[in-house]
Amino acid sequence: MLQLDFHPTGRHFLQIPGPSPVPDRILRAMSLPTIDHRGPEFGALGLKLMANMKAIFKTQHPVMIYPASGTGAWEAALVNTLSAGDHVLMYETGHFASLWFKLAARLGIKAELLGLPGAEGWRQGVDANKIEERLRQDPSHSIKAVCVVHNETSTGVTSNIAAVRRAIDNAKHPALLMVDTISGLASADYRHDEWGVDVTVSGSQKGLMLPPGMSFNALSPKAIEASKKSTMPKSFWAWDEMLEINKSGYYPYTPNTNLMYGLSEACDMILGQGLDVVFKRHVRWGEGVRAGVRAWGLPIQCADEALYSPILTGVMTPEGVDADAVRKIIYERFDCSLGTGLGKVKGKMFRIGHLGDCNDLTLIAALSACEMGLKLSGVQLNGSGVQAAMDYFSANPVPALIQNGRTAS
Ligand SMILES: *Cc1c(COP(=O)(O)O)cnc(C)c1O
């Protein structure tokens, strides 16, 4: 029999940047009995979730909810709006941006990848000027969409989506703007309508604090118009049928009912606290973790302070130290999972997640696991990151109202 209870006593420290630790409140909500997805209660649940998700995406327009991982919602965004052979512009900020690019190519879309060569681009966000420049070289408007990642989970670098919108507008180009915020939604500031995004792609298992298995497309009227002319083959992902039946809160197929209970609870928590409170909490956690990394004297993967991700921090290990060997020690000795270096940065860095069911002490504990693991791996540290994080969190109390998301009584 597969042994799934392989962790020792206490909670496992799931410090990867998604799936994030799921709050007990959400796990309990998901344990309720499954209901009839064609029955009266389901319609009410569906309508509530669609309204709540609009609030979280900050949009007035429809949000598709798919029983699929984020990759499915990536595909949905492309096949609903494009036609075979269409040209799209993408931007390599890290592993996830390159995976979306590969997915587009497999669909028969002519995808072009901008960005810095080598691993250097994996320390930066999207350079909107490069996008504007490229669009200006396309007077015939053969480029149908610009696709970027908002929170690059492989590096811990965010990108300025409003600047990308301005770049497209400055070039007076009609391309659609598609954004992946699979790991940014409900933990980093995001504004679908205000930033003029046409399709936003997201997923359940990161900022939304749910298990994997659910993903989203937030639409714009322009995206819906484009979908009427798109000729790429689609059936399961097709927006048209979904848009119609969603009006009454239902789905064309069996949705993942119990994950929807979880989503309902997550929305109550997030919207109950207020999105701004949720964003500030993650920013503060990021500051605390980075104070720790700086005290160790190790470089942070994100090279631009203005673009630090509030959701995760990438820690670069010194030349000659295999980051995955350090992660292995931390996992085996201290029961703590850290994110691996992906693609171009494999073995060169690890990632600490600061999202989901998390608080100051969880992060201090995670940093202590890292500190012990780094020392056991022979890495010379300048000082104690744990002490620095304790100092940061002590010196920077948050107003009672936003303390770890708990409302003051
Ligand atoms: C996690 C993630 C994905 C992939 O989502 P899956 O749910 O694993 O399919 C894509 N993009 C980003 C930015 C992610 O963080």
Side-chain angles (χ1 to χ4, degrees), residues 14-22 57 64-79 90-107 111 113 115 121-122 124-126 147-161 164 177-190 192 197 199-218 236-237 256 259 262-263 266 282 286 301-302 307-314 337-345 349-356:
L14 185 66
Q15 296 298 144
I16 58 175
S20 55
V22 180
F57 279 102
M64 309 283 100
I65 306 180
Y66 292 111
S69 91
T71 304
W74 262 348
E75 179 159 339
L78 301 177
V79 297
M90 295 179 137
Y91 199 104
E92 185 179 341
T93 42
H95 191 63
F96 288 103
S98 32
L99 286 182
W100 199 8
F101 168 76
K102 279 188 197 145
L103 185 150
R106 289 180 71 130
L107 291 173
L113 200 57
W122 287 35
Q124 310 283 340
V126 171
C147 303
V148 294
V149 175
H150 171 231
N151 184 66
E152 181 48 83
T153 324
S154 62
T155 61
V157 183
T158 59
S159 281
N160 184 338
I161 302 304
V164 176
L177 172 56
M178 303 202 205
V179 179
D180 164 348
T181 191
I182 292 181
S183 60
L185 192 73
S187 42
D189 187 13
Y190 192 80
H192 179 85
V197 181
V199 187
T200 301
V201 178
S202 195
S204 57
Q205 75 272 28
K206 295 172 183 172
L208 284 168
M209 311 184 290
L210 295 167
M214 190 185 261
S215 55
F216 311 90
N217 275 176
F236 179 75
W237 304 117
N256 38 17
L259 261 177
L263 179 62
H282 287 84
Q301 179 72 28
C302 176
L307 301 178
Y308 283 145
S309 169
I311 289 116
L312 76 141
T313 299
S337 293
L338 297 165
T340 184
L342 294 162
K344 287 181 183 173
V345 291
M349 58 91 89
F350 61 84
R351 297 169 296 146
I352 306 174
H354 24 92
L355 73 169

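In each ligand, atom 1 is the first atom listed, and ligand 1 is the first ligand listed.
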contact_flag Trp100 ligand 1 heavy-atom lt 4.0 Å: no

Nearest 0.5 angstrom please: Ser69 OG to Ile182 CD1, how far? 7.5 Å

Check: Asn151/Ser183 side-chain N/O donor and acceptor closer than 3.5 Å: yes

Distance-only donor-acceptor check, side chains Ser154 and His95, under 3.5 Å: no

Per-atom contacts of ligand 1 with Trp74, taking only distances under 4.0 Å to non-hydrogen atoms: 10 (C), 11 (N)

A side-chain contact here means heavy atoms from C-beta on lying under 4.5 Å apart; do Thr93 and Ser159 qualify? yes

Under 4.0 Å to a heavy atom of Thr71 - the qualifying atoms of ligand 1, by number: 5 (O), 6 (P), 9 (O)

Starting from atom 1 (C) of ligand 1, locate the nearest protein heavy atom and write down its residue, its atom name and how far away it is, to 0.1 Å. Lys206 NZ, 1.3 Å

Among protein heavy atoms, which lies nearest atom 15 (O) of ligand 1, and at what distance? Thr153 OG1, 2.4 Å

Atoms of ligand 1 under 4.0 Å from any heavy atom of Gly70, numbered from 1 in the order shown, are 5 (O), 6 (P), 7 (O), 9 (O)

If the cut-off is 4.0 Å to any non-hydrogen atom of Ser69, which atoms of ligand 1 fall inside it? 6 (P), 7 (O), 9 (O)

Could you tell me, atom by atom, which parts of ligand 1 come under 4.0 Å of a heavy atom of Ser183? 15 (O)

Please tell me if the side chains of Glu152 and Trp122 come closer than 4.5 Å, counting only heavy atoms from C-beta onward. no

Any N/O pair Asp180/ligand 1 closer than 3.5 Å: yes

Indicate yes or no: does an N/O atom of Asn151 lie under 3.5 Å from an N/O atom of ligand 1? no

Polar contacts were defined as any N/O atom of the residue lying under 3.5 Å from an N/O atom of the ligand; does this apply to Val149 and ligand 1? no

Report yes or no: does a heavy atom of Glu152 sit under 4.0 Å from some atom of ligand 1? no

Counting non-hydrogen protein atoms only, what is the nearest one to atom 8 (O) of ligand 1? Give residue, atom name and distance. Gln205 NE2, 3.9 Å

Would a 4.5 Å heavy-atom cut-off, applied to side chains only, mark Tyr66 and Trp237 as touching? yes

What class does the angle between the rings of Tyr190 and Phe57 fall in, given that below 30° is parallel, 30 to 60° is tilted and above 60° is perpendicular? perpendicular

Is the contact between Ile182 and ligand 1 made by the side chain, the backbone, both, or neither, using heavy atoms and a 4.0 Å cut-off? side chain

Assess, by modelled atom type and distance only, whether the side chains of His354 and Thr313 contain a donor and an acceptor separated by less than 3.5 Å. yes

Distance from atom 4 (C) of ligand 1 to nearest protein heavy atom, with residue and atom: Phe96 CE2, 3.9 Å

With a 4.5 Å limit on heavy-atom distance, are the side chains of Met209 and Val22 in contact? no

To the closest 0.5 Å, what do you measure between OG1 (Thr155) and CE (Met349)? 6.5 Å

